[in-house]
2 protein chains.
Amino acid sequence: MPMRSVDIERVRALPLFQCAAQRTFDNLIAGAFLQKFPAGTTLLMEGDPVDFLYVLIEGLAELQGTWNDKETTLAVLRPVSTFILAAVVLDADALMTARTIERSDILMISGESVRRAMKEDAGFAVAVAEELSGCYRGLVRTVKNQKLRGASERLANYLLAEQVSQGGGPTLILPHEKRVLASLLGMTPENLSRAFANLTDYGVTVNGPQVTLLRPIALDRLAKPDRLIDSHLQPSAARVGMADRECRASAAGTIGALN
Amino acid sequence: MPMRSVDIERVRALPLFQCAAQRTFDNLIAGAFLQKFPAGTTLLMEGDPVDFLYVLIEGLAELQGTWNDKETTLAVLRPVSTFILAAVVLDADALMTARTIERSDILMISGESVRRAMKEDAGFAVAVAEELSGCYRGLVRTVKNQKLRGASERLANYLLAEQVSQGGGPTLILPHEKRVLASLLGMTPENLSRAFANLTDYGVTVNGPQVTLLRPIALDRLAKPDRLIDSHLQPSAARVGMADRECRASAAGTIGALN
DNA sequence: CGGCGAATTGACGGACGTCAACTGCTGTGG
DNA sequence: CCACAGCAGTTGACGTCCGTCAATTCGCCG
């Protein structure tokens with residue numbers, strides 16, 4: 001429950017916190033909990049009031065939305081990401097359910113203290129606005145991805161993005177169950193299987209969670225990745241120091257670490 | 001080009017600006033332009049650097065995304081809304097192109113001065129964060145709408161939302177061409193026609209841009225509107241003063257005034 | 001060993017996109 | 001004033017993509 005100083009430093013290094021005054025940061029973590037959750041734990045249900053800002057320190061988590069007994073995954077989060085920031089800022093009810101996919105370490109910071117810190121520390125308030133901007137743009141990319149691309153195109157782009165995020169080698173490991181991936185990409189598990197089958201012509205080989213891209217150029221020609229949709233290919237950051245805030249926020253899933 | 005004081009007051013009254021210090025606000029509008037554009041003008045192209053924060057004062061505008069020669073409408077904006085805020089905050093390239101649908105009056109505020117104002121005025125920075133949060137949540141609703149509902153369900157919900165936004169009477173006027181509506185709802189114009197046809201069984205009558213809802217209860221049973229997707233039905237604002245920031249931002253289209 | 005759930009495969013149906021033809025409106029120019 | 005071109009909207013036919021249902025296989029864990 002008390003935080004290790006290693007973890008404190010990881011949090012302090014987040015874009016969200018690194019510009020905050022030391023005093024602001026201390027106040028924020030003073031009333032914070034670091035908690036371990038097993039896989040499959042629901043942290044927060046859609047529609048519930050939000051009392052905490054969450055920070056995923058270790059593990060894997062998922063944000064999902066529901067309607068009419070149907071469910072969809074809006075994002076898969078990797079460490080280190082914050083989530084549910086927008087609801088915290090507005091003190092509003094959650095629009096998505098948050099669930100752990102793996103055993104996870106999660107830092108919970110009082111929402112009330114976040115709102116107070118923003119009013120007292122302009123640097124922190126700016127950082128919150130920047131974080132939200134990155135999340136917002138991640139979602140814009142998501143919507144474009146969904147509305148403009150077909151199912152196999154979405155999968156192809158996902159694979160290319162994962163490839164670079166896993167070091168650029170020809171073979172990559174899916175970070176979670178295929179059913180979660182299917183939901184993230186906006187299709188059924190059955191259709192994801194077929195989408196993988198479609199991509200065999202483009203050099204995609206599947207073996208359980210392990211996927212190999214034998215003909216990346218052919219796959220790329222199908223996927224047509226675009227810097228205005230796929231956040232992993234950003235131009236050479238002409239304005240230094242920025243850009244990577246947006247990148248980090250968008251690193252998880254096809255899309256963004258959504259707040 | 002010089003702003004009328006009427007317009008200045010309308011801008012000042014926006015949630016984004018009403019908490020800003022007078023001095024901050026004066027600096028912001030000091031270097032701002034108020035400009036009139038004819039219908040169909042492209043204000044900003046996808047991929048371009050963003051130099052201004054835009055405020056739609058009068059008229060109607062549209063944000064669209066493109067990929068592989070396909071185009072989709074991400075939002076339709078009504079006065080008074082800001083747009084392209086997120087790109088301004090990050091000083092990043094636009095992810096969407098902005099186009100006027102009708103003749104419009106648009107206020108353009110220097111992006112540089114917005115970023116400076118945030119650093120100097122914590123109240124303004126908080127307001128920016130709140131605005132972005134509302135926009136973000138609008139987009140979350142959009143994604144859920146897209147991924148969880150079928151085409152006629154999206155249309156039905158759009159109609160019910162428009163109905164309340166136009167005073168609650170049985171008949172409403174579509175604010176723009178049906179082709180724009182189709183694109184906003186994620187379908188082709190042909191399919192929008194068919195979706196309207198499907199809804200005749202639920203008391204929906206179409207006559208050009210005029211739509212009448214004869215059996216709102218039946219339509220509602222089909223649409224299953226949900227407060228976690230459809231921003232027009234918010235609970236009774238237990239915490240006063242907030243909530244309507246989110247509502248305003250989400251009032252345009254099925255979805256949000258996207259920034 | 002037995003059972004459960006994830007993943008795959010096939011068959012089927014429905015939803016949606018595409019193409020084409022037709023209507024009706026509007027603005028233009030002879 | 002009317003003829004005509006151009007575009008939005010509608011309708012029909014058709015094909016494809018995708019979801020649903022069912023059966024099967026496989027791996028994991030009790």
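When rounded to the nearest whole Å, the span between CG of B/Leu199 and P of D/dT10 equals 13 Å. B/Glu177 places its CD atom 9 Å from the C1' atom of D/dC7, with the value rounded to the nearest Å. Nucleotide D/dA8 holds its C1' atom 15 Å from the CD1 atom of B/Ile101, rounded to whole Å. Note: CD (A/Gln146) to C1' (D/dC18) measures 13 Å, nearest angstrom. The CG atom of B/Leu148 sits 14 Å away from the C1' atom of D/dG19 (whole-angstrom rounding). As a whole-Å value, the separation of A/Asn68 CG from D/dG19 P is 16 Å. Protein atom CG of B/Asn207 is 10 Å distant from nucleotide atom P of D/dT10, rounded to whole Å. The separation between B/Asn191 atom CG and D/dT16 atom C1' is 13 Å, rounded to whole Å.
Ring pair A/Phe52/A/Phe33 is perpendicular by interplanar angle, where above 60° counts as perpendicular and below 30° as parallel.
For B/Glu71, there are no salt bridge (charged side-chain N to carboxylate O under 4.0 Å, His left out) partners, not counting sequence neighbours. For B/Arg227, the salt bridge (charged side-chain N to carboxylate O under 4.0 Å, His left out) partners are A/Asp93, not counting sequence neighbours.
Running 5' to 3' along DNA chain C, contacts with non-hydrogen atoms of chain B at under 4.0 Å begin and end at C/dC16 to C/dC19.
Among the heavy atoms of the strands, none lies under 4.0 Å from B/Ala197.
Both A/Ser152 and B/Lys178 sit near DNA chain D, but only B/Lys178 has its closest nucleotide nearer the 5' end. Checking A/Glu190 against A/Gly150, the closest nucleotide of DNA chain D that is more toward the 5' end is the one next to A/Gly150.
In this structure, B/Tyr136 has its ring center no closer than 6.0 Å to that of A/Tyr136.
Remark: A/Asp230 does not engage A/Arg154 in a salt bridge, criterion side-chain N to carboxylate O under 4.0 Å. Salt-bridge formation is not detected for the pair A/Lys224/B/Asp69: no Lys NZ or Arg NE/NH1/NH2 atom is positioned less than 4.0 Å from an Asp or Glu carboxylate oxygen.
Of the listed residues (A/Leu44, A/Leu43, A/Val88), just one forms a side-chain contact (heavy atoms from CB on, under 4.5 Å) with A/Phe83, and that residue is A/Leu43.
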